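Encoded as structure tokens, the structure appears first; notes follow it.
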Amino acid sequence: MTLPDTASNPAGADRTFQVDLRGLVDLLSHHLYSSPRVYLRELLQNAVDALTARHLLEQPAPAHAFGISLYADGSVVRVEDDGVGLTEADVHAFLATIGRSSKRALAAPSDEPVQGWGRITEQRGDFIGQFGIGLLSCFLVADEIHVLSRSARTPDAPAVEWRGRGDGSYTVRTLPATARPRPGTTVTLTPRADAGEWTRPAQVHALARHFGSLLRHPVTFDDGTGGGTGGPGATVNPEPAPWARTYPTPGARSRALAAYGEEVFGFTPLDTIELDLPAVGLKGIACVLPETVPAGRRHGHRVHVKGMLLSEQAEEILPEWAFFVRCVVDAESLRPTASRESLYEDDTLAAVRDALAERLRAWIARAAASDPDLLARFLHAHHLAVKSLAVHDDEILRMLLPWLPFETTDGHTTLDEFARTHRTVLVTSSVEEFRQVAAIASAAGLGVVNGGYTYDRELVHRLPEINPGATVADLDPETLTAHLDPVDRETELAAAAYLAQARDALAVFDCDVALRTFQPASAPALLVDSREARHERTRSQLAREQEGGLWGDILGALRQEAPRAQLILNQLNPLVRTAVTIGEPELARTSAEALYGQAAMLSRRPLRPAESSLINRSFLDLLAHALRKDS
């Protein structure tokens with residue numbers, strides 16, 4: 001930015017900003033637009049808006065179709081339209097004034113109203129562009145922009161030529177009407193040598209297809225060769241959007257939409273969901289992913305605005321829980337940001353997001369009611385997504401909770417089947433607790449659901465809302481140990497000395513030791529120790545270590561009797577029956593430590609450093625004892 005001469009601007013006078021266009025283009029290329037390729041989108045967008053303006057100007061619409069022609073032969077890129085065109089005043093107002101858009105203006109571009117302009121500006125919502133900076137994107141690939149235009153608003157209007165350069169200078173001159181016989185605009189770029197990646201004929205054609213395949217105006221491409229797919233008249237958008245076509249049967253329509261989804265996203269949809277929101281002029285499809293996606297992963301969706309591709313990664317169009325679909329939509333009333341690569345977050349977008357979410361819920365409801373095979377395949381792949389939805393949606397909860405799979409002591413099964421077998425459904429609070437008790441609870445006839453996965457515990461507790469005959473309770477150590485059979489008094493007395501030594505050896509872990517009988521007999525011991533109990537013992541230990549200080553006083557005020565872990569030895573196991581007869585104190589302690597370590601590993605919870613050390617030490621001590629005995 002340069003400053004004006006102070007001699008011609010006395011102190012206190014208003015001054016005008018001077019813009020360094022080269023710096024502004026650099027700002028756009030690095031911070032506003034994601035890639036130089038957007039130059040073609042901006043040119044197509046301006047051409048579409050010009051055609052829209054001409055249709056509004058000449059209502060009723062003329063009989064002949066207006067369109068857009070692209071030309072690229074490696075030396076130039078040219079975009080020509082049959083749109084409303086520009087007058088000399090328009091050129092000065094809109095092409096040479098950064099940030100002013102003819103689509104956004106509220107008045108005519110000159111002091112005197114121009115015939116027809118008011119009707120156009122009143123309907124500026126019909127246009128894609130609103131910001132007046134799109135033409136600058138051409139400087140990302142060229143040092144000069146040449147515009148030749150003739151206005152359709154004045155029958156005998158002359159042609160106007162505008163040349164803008166990257167250094168911020170421009171020239172304007174009027175030409176005879178014969179320089180452009182028909183109204184409209186032609187934009188010509190001479191690409192820089194370093195822009196070949198984006199301006200080669202094949203790339204221009206690919207970009208035109210990418211951005212403009214759903215445009216409502218005909219777009220043709222010519223690469224100057226006179227033949228092939230890039231020959232004169234080659235159509236960029238030969239067909240309307242698939243949801244806008246007619247099909248002989250519903251099945252044919254469904255197959256066509258699925259084929260389009262596969263073409264766009266690269267996978268065969270499990271199903272396609274038609275999306276239609278007339279209030280905002282939105283149409284499109286949601287393609288249900290055929291495979292599981294990681295929890296919380298959000299896919300980008302393809303959003304077109306009035307046919308022009310806005311974004312391939314528009315996450316904001318759907319709620320977070322809808323990560324089992326990818327959408328392609330075309331909308332009339334969604335508002336793009338200045339870069340036109342994402343959507344502006346406003347009330348309209350929020351309403352669209354809510355309405356599309358309702359369409360997805362309705363599809364799930366239809367599958368549950370009329371297509372159990374589709375529902376089963378969907379839940380097999382996306383049960384986590386449905387669980388996240390059911391937590392917050394009572395309707396989905398009622399429809400699908402009985403169908404959702406859970407990990408249980410009967411294997412992976414639905415809650416509906418599990419509740420038929422187990423009148424009381426017990427649920428753990430963590431995966432590790434389920435791993436600890438699964439085999440023994442199953443042998444004892446207890447029905448336990450693994451509640452450690454995301455949403456599972458909350459959903460299981462809501463089962464009585466759907467099935468009033470079911471009872472759900474959290475599994476606690478007392479419930480489990482109550483189902484383990486006690487040993488007879490004589491056996492208990494015979495093992496008393498061993499149990500005392502075992503308790504002494506494991507006191508450092510706040511662990512009690514008991515002798516019971518339970519199935520399966522192959523399990524020598526069960527470690528019953530909840531996460532909450534371990535946290536409470538850790539807090540109590542900190543309180544003891546900090547006793548006397550402020551932090552110790554705070555922890556002491558919260559102190560309660562720390563719950564103890566319990567190592568339950570299985571009298572039915574041959575190893576345990578041998579261990580309880582050991583008379584040598586050190587060997588008895590070592591065997592108890594080894595049984596504790598083995599039970600801790602089988603619980604599959606993370607081992608504390610002291611437990612890892614105990615496992616290594618007890619193994620080596622037992623090995624040394626065995627070697628001494630053999631020698």
Side-chain angles (χ1 to χ4, degrees), residues 25 28-29 33-51 65-83 85-86 95 128-129 133-150 159 161-166 179-239 304 307-310 312 340-341:
V25 170
L28 293 177
S29 63
Y33 296 122
S34 61
S35 164
R37 69 177 185 167
V38 300
Y39 82 93
L40 191 67
R41 183 195 66 195
E42 298 297 325
L43 290 178
L44 283 173
Q45 173 185 287
N46 286 343
V48 170
D49 286 341
L51 291 171
F66 296 139
I68 302 169
S69 300
L70 303 180
Y71 178 87
D73 62 2
S75 60
V76 298
V77 175
R78 186 163 60 240
V79 180
E80 183 173 3
D81 66 72
D82 300 315
L86 299 169
L95 298 189
I128 303 172
I133 57 175
L135 195 63
L136 290 181
S137 66
C138 295
F139 287 123
L140 300 176
V141 298
D143 288 325
E144 183 176 282
I145 305 171
H146 176 257
V147 178
L148 180 64
S149 188
R150 181 180 173 188
E161 180 189 64
W162 179 86
R163 290 182 183 271
R165 289 169 286 274
R180 182 177 174 86
R182 302 189 316 274
T185 301
T186 302
V187 180
T188 303
L189 308 178
T190 301
R192 292 194 306 271
D194 62 354
E197 176 184 359
W198 307 109
T199 57
R200 292 192 298 268
Q203 180 70 303
V204 172
H205 183 259
L207 290 176
R209 288 278 300 164
H210 179 72
F211 290 118
S213 62
L214 298 186
L215 289 175
R216 293 82 183 269
H217 300 285
V219 182
T220 58
F221 176 76
D222 182 4
D223 63 3
T225 62
T229 58
T235 306
V236 169
N237 53 341
E239 295 181 295
H304 299 252
M308 182 70 69
L309 179 63
L310 178 77
E312 297 174 272
R340 286 179 283 277
E341 296 182 351

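Here the structure is a predicted model, which means the values were calculated and not measured. Side chains included, hydrogens not; waters and symmetry mates left out as well; all remaining heavy atoms used. Residue numbers count from 1 along this sequence.
- Taking every heavy atom of both residues into account, Pro201 and Gly74 meet most closely at CG-N, 3.7 Å.
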- Message: For a side-chain contact (heavy atoms from CB on, under 4.5 Å) check, start with the C-alpha distance between Leu189 and Tyr39, then their side-chain angles and the critical distance, and finish with the verdict.
- Response: CA-CA 10 Å; Leu189 308 178; Tyr39 82 93; 3.8 Å; yes
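- Put simply, the side chain of Arg41 never gets that close to the backbone of Gly212: no donor and acceptor are under 3.5 Å apart.
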- Task: Would you check, one step at a time, whether the test side-chain contact (heavy atoms from CB on, under 4.5 Å) holds for Val204 with Tyr71?
- Result: CA-CA 9 Å; Val204 172; Tyr71 178 87; over 6 Å; no
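- With rounding to the nearest 0.5 angstrom, the OG1 atom of Thr186 is 9.0 Å from the NE2 atom of His146.
- Of all the heavy atoms in Leu86 and Ser149, the pair that sits closest is N-OG, 2.8 Å.
- When each of Val141, Thr199, Asp194 is tested with Pro36 by the rule side chain to side chain contact (heavy atoms under 4.5 Å, CB included), just one qualifies, namely Val141.
- With contacts defined as side-chain heavy-atom distances shorter than 4.5 Å, the pair Ser69/Asp222 does not qualify.
- One finds the CZ atom of Arg192 at 10.0 Å from the CZ atom of Phe139 (value rounded to the nearest 0.5 Å).
- Considering only heavy atoms from C-beta on, Gln203 stays 4.5 Å or farther from Arg37 through its side chain.
- Between Arg78 and Glu80, none of the side-chain N atoms (NZ, or NE/NH1/NH2) sits under 4.0 Å from a carboxylate O, so this pair counts as no salt bridge.
- Contact check for Leu309 versus Leu214: no side-chain heavy atoms found under the 4.5 Å cut-off.
- Shortest non-hydrogen contact noted between Val77 and Ala72 is CG2-CB, 4.3 Å.
- The residue from Leu207, Asp223, Val219, Leu43 that alone fulfils the side chain to side chain contact (heavy atoms under 4.5 Å, CB included) condition with Leu70 is Val219.
- Note that the CZ atom of Arg163 and the CD atom of Glu161 stand 4.5 Å from one another [nearest 0.5 Å].
- The shortest heavy-atom contact between Ala179 and Leu148 is O-CD2, 3.7 Å.
- A donor-acceptor contact shorter than 3.5 Å is absent between the side chain of Asn46 and the backbone of Asp49.
- Under the 3.5 Å distance criterion, the side-chain polar atoms of Arg182 are left unmatched by any main-chain donor or acceptor of Arg150.
- Heavy atoms only, all atoms of each residue included: Arg209 and Pro238 are closest at NH1-CD, 3.5 Å.
- In terms of modelled atom types and a separation under 3.5 Å, the side chain of Thr220 and the main chain of Ala234 share no donor-acceptor contact.
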- Query: Under the side-chain contact (heavy atoms from CB on, under 4.5 Å) criterion, do Phe66 and Asp81 qualify, and how do the steps go?
  - Reply: CA-CA 8 Å; Phe66 296 139; Asp81 66 72; over 6 Å; no
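- Considering only heavy atoms from C-beta on, Glu144 stays 4.5 Å or farther from Thr190 through its side chain.
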- Can you list the steps and then say if Ser35 with Trp198 is a side-chain contact (heavy atoms from CB on, under 4.5 Å)? CA-CA 10 Å; Ser35 164; Trp198 307 109; 3.5 Å; yes
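- Asn237 and Leu215 get closest at one heavy-atom pair: ND2-O, 2.9 Å.
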